[in-house]
Amino acid sequence: MAEKYRAAEVERRWQAEWERSGLYKVADQSDRPKYYSLVMFPYPSGDLHIGHWYNFAIADSHARYKRMRGFQVLEPMGFDAFGLPAEEAAINRGIHPFRWTMDSIKRMEVQLKAIGAMYDWDREIATCLPEYYRWNQWLFLKFLEKDLAYRAQAPAVWCPHCQTTLANEQVVAGRCERCDTVVTRRLLEQWFFRITAYAEELLDVSGLDWPERVTTMQRNWIGKSYGVEFRLPVEKRPDVEISVFTTRVDTVFGMTYVVLAPEHPLVDELTVPAQREQVQQYQEQARRATEIERLSTERERTGVALGISAINPANGERVPVWIADYVLGSYGTGAIMAVPAHDQRDFEFAQNFGLEIREVIAPASLSASPPPTSEAAELRQAYVELGVLMRSGRFDGLDSDAAKIAIAEWFESLGVGERKINYRVRDWLISRQRYWGTPIPIIYCEEHGAVPVPEDQLPVLLPEDAEFRPTGQSPLTYNPAFVNTTCPRCGRPARRETDTMDTFVDSSWYMLRYCNPHIEDAPFDRAAVQYWMPVDQYIGGVEHATMHLLYARFFIKALRNMGLIDFGEPFKHLFNQGIILGPDGQKMSKSRGNVVNPDDYVQRVGGDAVRCYLMFIGPYDGGGPWNPQGISGIEGFLHRLWNLVLDGPDPNAPQTSGPADDRVLRLLHKTTQRVTDDMERFRFNTMLAALMELINALLPQRAKVSKQLWRDASERMVLLIAPSAPHMAEELWHRLGHTESVHLESWPGFDPSLVTDSQVTVVLQVNGKVRDKIEVAADLGQEQVQELALASAKVQAYLDHSPIRQVIYVPGRLVNIVTI
RNA sequence: GCCGAAGUGGCGGAAUGGCAGACGCGGCGGUCUCAAAAACCGUUGAGGGCAACCUCGUGCGGGUUCGAAUCCCGCCUUCGGCACCA
């Protein structure tokens, strides 16, 4: 019996040795092909939980596998260190965010090292350090130069709990993505990145190997729609026109009113004096409403008439102009033509206010019969499908698709409108009224307005002595030493911008920085980036589909157009790992008390066992509950592997190879093929199942196979498990007599001629039901196999002299004899 | 409401047109032990049968096929995304 495996001691020892020998230091050039393996970097919360392990440890196993396959692998680690949680923690505990963050990073470095990953710690980054965030500022200035950053007054999403504005992407169903508070809107001057300029390019995901649901989410988020934008003259106001956007210009003859968003710039101008008070009240009410209230489809449709009419350019009819909060100021032109018969929202609104509902589209199936003469009152809801036009002048009888084109062309020829594409995506609001972030490098001068901080004055340091409690104003506002400065243009007193940047700016380009994080005169090292980028495999949660992943793609495209890089996508392959739930099947949270701390398990059964167990739980994109009992299966497997290797061949085993050797050799090669295939396809659960099957089959053969083969089998198993259980594999490799690290070895290959069995089991069916099985030589011909099948007594019994109508033969698998 | 994914033993799951339940957990029985733990061996979908074996069985209902967990149609449930985007 071999000595017991002492995981904690072995793991500590090898981690120290790997660090000492610099085993995982990565050079920026190699004869080997490069492979950049990246996980979404963690927020320094101070506690590495089992979910981090699920993400990081498994990603590391895959990266180790790639390294053994001959790639030069870059696997960096760092911290997404700015952001609200540090401020919250700092406020709650009275510690400065900087200290809290740096302490958390220190703790997490220790915990991360317990994973046993190949991180090259020389490349570590922390985004809250000036050496990093100065490049956020530098990139901001570049974006400004290219008109990709701009300042505008807009009704920004406001989170009352976080006391800051948010980007649209950070609002989930009307609630703050971070703290789940119902958000409101505030009219503020804010900085934006012009991501909408890249809407079309971002829709192109060809060449990306990403989960389809992520690309679908991005496509839906960008929301491209084709339509017509046209202008309506306003009665008695030849100086004003109302622009509207519609995707259903085929229904334009059904327009019975026009709606402006409450915040539409023309509202004041167009409102008649008698309506002024009501209109202003409504505007105020709409401004105060939370997103939840505004977005609720259950809600009664409200609005106020301005007391003025516009002219429908299609038929010259007068239609009243209203404001209503179901029209958004931020989409299209902020105004719509309302066609209540063919739009459900307009329909409900028209019913509420007794406005005319005029049907102009007949369902296509009814087109043969005369147009229905039904009164509007009979309609229960809008008919929103396509159909055939009626009451539409010379367009009557056209189907919707043809009419969309015909009417668009007509409008274009009249000069009242043109075809237009609109996108749902909004520009990215990056201003945050919080302390713990990158200061936006802008100075406001009375004479010169918003002046960029000159490059040579970067970084604009975040002052350490600031009051950071959120008040709704940016904390930096209260720091005179920070705020008061001089204008870079004229030298007169000026004020600094006091908002900080959204932390998604930091994570939009960090993958470039990892390539050479020590470069001092540029955000990234062009040569190193040229070598390593794009990221070959990116692993992280799906929750970033329309935030980080979209922003990073935008950044890379913008940087490419600036000539700073020469590729257009940051992440070639993307994998979304699932979420590990608590043992109760619920999402882990401190308040539920179901958070699993990996440290206890690492101490007890070893990091290798935790890694393997997480891989074994199920498909990697599935996640699932942490079942503390299940880990014993992996423990047992690893112990049996340990014993198998250390016990060595049976003392009475044959010296020369016999028939058992042939079977075992085939099994070794077949398993190698399965493990290789599963590793490539991220199927870690079946990869480990294959190794378990192998060891289960191997153990009873110990006395039967030759000593040499037993040793070969041991070595092969150690190599196959090395990416998944790197510490034990290293220990076993050395115990087998090797002096170099197992992690410098190549992945074992397999001989295609050995992965198929010489004997195969053929299933014999009668009318699709299994009745017998026979063992035949794999290369036996169809006729012989069928003969053997018909010779089977069991088959004969079921055939019972019935005439055979058909025989299905699947080579090496089955024979199905059909009699009916 | 719209879009998407998924439903398989007590549990995690495997099998993507060809032996349903690989592998593991848990359970049951056994070996060892004074005993327990650990380790090891056997067994474990349901029903029937002394047994060899037989029948049923992958959310529900239909279909295609020699053959369906797998493909098609309809429904139910769960999860995820979007949700006034004109």
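So that the names make sense, note that chain A is the first sequence line, chain B the second, and so on, each numbered from 1. The figures here come from the full heavy-atom set of this structure, side chains too, leaving out hydrogens, waters and symmetry mates.
OP1 and OP2 of B:rC23 both lie 4.0 Å or more from every side-chain N or O belonging to A:Thr686. When the side-chain nitrogen and oxygen atoms of A:Tyr798 are compared with OP1 and OP2 of B:rC54, one or more of them lie within a distance under 4.0 Å. Between A:Arg424 and B:rA86 there is no side-chain polar atom (N or O) within less than 4.0 angstrom of OP1 or OP2. The side chain of A:Lys769 contributes no N or O atom lying less than 4.0 Å from OP1 or OP2 of B:rA20. Look at A:Arg683 and you'll find a side-chain N or O under 4.0 angstrom from OP1 or OP2 of B:rA15.
Nucleotide B:rA14 forms no Watson-Crick or G-U wobble pair with any nucleotide shown, as no partner meets the under 3.5 Å limit on both distances. Under the Watson-Crick or G-U wobble criterion, with both distances below 3.5 Å, B:rA68 has no partner in any strand shown. When both distances must be under 3.5 Å, the Watson-Crick or G-U wobble mate of B:rU55 is B:rA46. Across the strands present, B:rU31 finds its partner in B:rA39; the criterion is a Watson-Crick or G-U wobble pair with both atom distances under 3.5 angstrom. B:rG4 and B:rC79 make up a base pair, with Watson-Crick or G-U wobble contacts both under 3.5 Å.
A salt bridge links A:Arg681 to A:Asp677: one of the charged nitrogens lies within less than 4.0 Å of a carboxylate oxygen. Note on A:Arg231 versus A:Glu418: salt bridge recorded, some NZ/NE/NH1/NH2 to OD/OE distance being below 4.0 Å. Salt bridge status for A:Arg674 with A:Glu693: present, with a side-chain N to carboxylate O gap under 4.0 Å.
Each of A:Ile631 and A:Val425 was assigned the nucleotide of RNA chain B with the nearest heavy atom; the assignment lying further toward the 5' end belongs to A:Ile631. Of the two residues contacting RNA chain B, namely A:Thr247 and A:Arg640, the nearest-nucleotide position lying further toward the 5' end is that of A:Arg640.
Among the nucleotides B:rA83, B:rC56, B:rC84, the one closest to any side-chain atom of A:Arg301 is B:rC84. Checking B:rC19, B:rG81, B:rA15 against the side-chain heavy atoms of A:Met217 singles out B:rG81 as nearest. The side chain of A:Asn816 lies closest to B:rG67 when the candidates are B:rC84, B:rA15, B:rG67. Proximity note for A:Phe616 (side chain, C-beta onward) versus B:rG24, B:rC84, B:rG18: the nearest is B:rG24. When distances run from any side-chain atom of A:Leu814 to the nucleotides B:rA86, B:rC19, B:rG18, the shortest one goes to B:rG18.
Here the separation of B:rU44 from B:rG63, taken at their P atoms, is 35 Å to the nearest Å. Distance check on atom C1': B:rA83 versus B:rG47 gives 49 Å, rounded to whole Å. Straight-line distance between the C1' atoms of B:rU8 and B:rG57: roughly 10 Å, to the nearest whole Å. To the nearest whole angstrom, the two C1' atoms, one in B:rC60 and one in B:rG7, are 11 Å apart.
Rounding to whole angstrom units, OH of residue A:Tyr326 and C1' of B:rA86 are separated by 9 Å. Rounded to an integer number of Å, the gap from NZ of A:Lys224 to C1' of B:rA86 is 18 Å. What separates CH2 of A:Trp210 from P of B:rG81 is a distance of 18 Å, to the nearest Å. Separating the CG atom of A:Leu550 from the C1' atom of B:rC82 is a distance of 15 Å, rounded to the nearest angstrom. For the pair A:Glu348 CD and B:rA83 C1', the interatomic distance rounds to 14 Å; values are reported in whole Å. A straight line from CG of A:Asn685 to P of B:rC23 spans 14 Å, rounded to a whole angstrom. Spacing between atom CD1 of A:Ile579 and atom P of B:rG80 amounts to 9 Å, rounded to whole angstrom units.
Counting non-hydrogen atoms under 4.0 angstrom, A:Pro619 reaches the backbone sugars and phosphates but no base. In this structure, A:Gln765 reaches the bases: a heavy-atom distance under 4.0 Å links it to at least one base atom across the strands shown. No contact: A:Thr546 has no heavy atom under 4.0 Å from any strand. Looking at heavy-atom distances under 4.0 Å, A:Ser632 makes contact with sugar-phosphate atoms alone, never a base. Backbone-only engagement by A:Arg813 is indicated by non-hydrogen atom pairs under 4.0 Å involving sugar-phosphate atoms exclusively. Across all strands shown, A:Val810 has heavy atoms under 4.0 Å from base atoms, whether or not it also approaches the sugar-phosphate. Residue-level contact check: A:Lys773 touches the bases, meaning some heavy atom is under 4.0 Å from a base atom. Residue-level contact check: A:Tyr809 touches neither bases nor backbone, having no heavy atom under 4.0 Å from any strand. At a threshold of 4.0 angstrom between heavy atoms, the contacts of A:Arg771 are confined to the sugar-phosphate backbone, with no base atom among them.
At a non-hydrogen distance threshold of 4.0 Å, A:Ala689, A:Met692, A:Glu693, A:Asn696 from residues 689-700 of chain A come into contact with RNA chain B.
Side-chain contact of A:Asn767 with A:Thr819: a donor-acceptor pair under 3.5 Å is present, judged by distance alone. Counted by atom type alone, A:Asp621 and A:Asn576 present zero donor-acceptor pairs between their side chains at under 3.5 Å.
Aromatic rings from A:Trp626 and A:Tyr601 are positioned such that their centres are separated by under 6.0 Å.
Glycosidic torsion of B:rG26 falls outside 90° of 0, placing the base in anti.
Judged by the 6.0 Å distance and 45° axis criteria, A:Arg424 is positioned over the aromatic ring of A:Trp221. A cation-pi geometry, defined here as NZ or CZ lying under 6.0 Å from the six-membered ring centre and within 45° of its normal, holds between A:Arg301 and A:Tyr326.
Note on ring orientation: taking the six-membered ring where Trp is involved, the planes of A:Trp428 and A:Tyr551 are parallel (angle under 30°, cut-offs 30° and 60°).
Remark: side-chain polar atoms of A:Arg194 are not paired, donor with acceptor, to backbone N or O of A:Phe192 under 3.5 angstrom.
Residues that satisfy the ring pair (Phe, Tyr, Trp, His ring centres under 6.0 Å) test with A:Phe353, not counting sequence neighbours, are A:Trp322, A:Phe349.
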